[in-house]
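Report on the following structure.
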Amino acid sequence: MTASPFEIEIPRGRVIEVQRDDTRVRRGTGLLRGMAVIWKHWKESFKLNRSYSQIHGTFTIEYPEERPRIPEAYRNMPILLYDDETGHELCTSCFQCERICPPQVIHMTQAKDPATGKPVPAVAEFIIEYDACMSCGFCAEVCPFDAIKMDHEFELSTDDHLRLTVHKEQLLRPISYYAHIAPTMWAEVREGALKKLQGNIRRRPDVIGLAPQLTEKIAARRAELAAQAAQAAQAAAATPAPPAAPAAAAPAPAEGRKLTPEEKAAKLAAIRAANAAKKQQSGDGS
Amino acid sequence: MYDMLAALINGTLGWGWPEWALNLLSYILVVTIVLVVAPLQMLFFTYYERRVIARMQDRVGPNRVGPEGIWQPIADGVKMFTKEDIVPQAADRIVHFLAPCVVVAPTVLMFAVVPWGPGMVPVDLPTGLLFFFAISSISAVGLMMAGWASNNKFSLLGAMRAVAQMVSYEIPAVLSLIAIVIVVGSLSINDIIAYQTGLIVSNRDLPGIPDLGLGWFVFTPVGFVAFIAFFIAALAEGERTPFDIPEADSEIVAGYMTEYSGMKFGLFYLAQYVLNFLLCAITAIIFFGGWQGPGVGWLYAQGITPENPNGNGLFNVLAGVLGVFYFLLKTYLFFFVMVWLRGALPRLRIDQLMDFGWKFLIPLTLANLFSAALWVAFTRWGPAEGMLITVGWSPVLRWLAAFVVTLAINLGVYLWLTRVYAASQAERRRAELEELIAAGS
């Protein structure tokens, strides 16, 4: 028995009665049918259900003991990477991440060559305030050197607030760690990242750019540098001619740089002139 | 308990205590046991319900505190005790304080007449069943006190719903029990259990049936209909889903418990679960033979009983253990069914509840009462009572005739009532629509 939907207008609007066909006499069988459904759920709930294609069975993953497999692209908090073999950090302190960070929780200082005082493509200190980080992942996305990546670690609760201001030592992870948690994502960028790293390592003097916790690597590098210096000293004692070569090479970039200040000066003069003209105009106006 | 103590103190130990001292000691012991058992049952039931309903909803349920979460109710209890006790400023402080006591006291009193095993009843009242239901309705007063004293609209609504529901569902509950009382001829709960010996057929109705303690009332047409009606009414009395209208959390917060916190709330909770246990227990006792089951009767007959004073005390213990096992098994099974219904059914509306109680259950139980009378007439009456048809029939034929007649009556009434009830519901919907139409034109 199916009647057409009933429709009437009442002062407050329109009423539509939907025929639910529940006028037939069921004599309690509807109740039994409902109970049968629940019985099946109860009976099947003693089996585990991990396929998610079935509606029966227990889906629960009992968290501290069992852990769900975290998807590769899961992101929680940013970490920094360093190379396993050389111990060099991938970060060059280009400030891209600091600039894009929406809650502005990334802070860094660029490393400087102690001898010349010039900036080096490496980072001296890197701080992320995990307590205010919103896990947006912009920093990892914007990083041109693939140095900053999103971690899978999510158990960060602590009673020590200051611990959530994380410094470079705690942020650094080896590349092998990231390759383990996100193999395909690392494979996509691996070659480019390592190539850029090799380029950067060449421009890093002394032990700058080495992960600070790798004391053995740093000691080895220091020994290597000392040996090189000793060799160089020996070589210098033997032949005093070579220092002329760097001295000759040095002016070339310096000259190249000289152009820029000139341009700058010209630009500055133009702006000053424009400003003066503006001032005059406004003075005339008043 | 008195017999046991008398045998132990004056018999075995030979101390020669006076009767009043033995009585006092036995009652103190019984009361202590009851007061310990009642909250323990409640603790177990909360855990049991949560685990079972979780399984029905494809979850695991509490399993953190202790092995498989068995200490969860203790943890909840500790939480309840340490919570702040808040009394609203506008509340009637005295009544607000008294209400939980008035609700809990009757539920504990009801334990007085519940038999746990053969010879294991705290007080064997000749009117045990009447006592049980008379006491149970006192808690409605406590609910009304709670709702009124809280001075909160949700509390008052919840209390009024609770009282209306309890009052209307006590009628079908008691009517379905009267059918059993007619058949047994006694209000004593022990007599009702003693009647249910036999195998499928009670051997009081049909002597000569082997006694396996399975002559339960639920196997007779009268008992079956009474069981269904009583269980539905028990759900309403215990405020279980689908009749949890008084504390419908999606409508009126927590009903009469809204303004209670800490252990006062805990007491309401305790009362509710103890009442549920008792309702399951009384269902098991009256329709499923209580502690009756294969072996209990035989074991008890070997032990020390008033009829057999020279029996072996070991058999008393064995019969008691087996009886308590059967009794608790049945009780927990009924609680499982209560949870099962909670998992399956949504909450009724208050008018649907009233309709179902007054227009369906009461007529059904009244017809069942008539069937019960016929059952007695067929199985026991003779020419002296004016029952001339059964003259000369064998007991088997009498029993068969009673079975067929009551089955026909109950089935017929059920089919007719469902049809009438469905028609009345359809008619009500039609009337509501007509009202709308009248408002629209």
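Every chain is numbered from 1, with letters handed out A, B, ... down the list of sequences.
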Around atom [atom1] of [X], are there more than 12 heavy atoms of other residues, nucleotides or ligands at under 6.0 Å?
{"X": "E85(A)", "atom1": "CD", "result": "no"}
{"X": "R190(A)", "atom1": "CZ", "result": "no"}
{"X": "E216(A)", "atom1": "CD", "result": "no"}
{"X": "H180(A)", "atom1": "NE2", "result": "no"}
{"X": "F95(A)", "atom1": "CZ", "result": "yes"}
{"X": "F138(A)", "atom1": "CZ", "result": "no"}
{"X": "R67(A)", "atom1": "CZ", "result": "yes"}
{"X": "F370(B)", "atom1": "CZ", "result": "no"}

task: Could you tell me which residues satisfy side-chain contact (heavy atoms from CB on, under 4.5 Å) with V189(A), sequence neighbours excluded, listed by chain and number?
output: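 Expected list: D146(A), K149(A), W186(A).
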
I need the L341(B) CG to L31(A) CG distance, nearest 0.5 Å.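 If we round to the nearest 0.5 Å, L341(B):CG and L31(A):CG are 6.5 Å apart.
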
- Can you tell me how far CD of Q57(B) sits from CD1 of I38(A), rounded to the nearest 0.5 angstrom?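 Going from CD1 on I38(A) over to CD on Q57(B), the span is 7.5 Å.
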
Could you name the residues of residues 343-367 of chain B that have a heavy atom within less than 4.5 Å of a heavy atom in chain A?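 Residues G343(B), A344(B), L345(B) are the ones that qualify, each having a heavy atom under 4.5 Å from chain A.
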
- Write out, in numerical order, the residues from residues 58-75 of chain B with a heavy atom short of 4.5 Å from a heavy atom in chain A.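 Listed by number: D58(B), R59(B), V60(B), N63(B), R64(B).
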
Quick test of your reading: applying side-chain hydrogen bond (donor to acceptor under 3.5 Å, both in side chains), list the pairs with at least one residue in residues 332-343 of chain B, sequence neighbours left out, ordered by first then second residue.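 Qualifying pairs, neighbours excluded: Q41(B)-Y332(B), E49(B)-R342(B).
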
Flag the pair R27(A) / R419(B) as yes when at least one side-chain heavy-atom distance between them is below 4.5 Å, and no otherwise.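 Side-chain contact under 4.5 Å: yes.
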
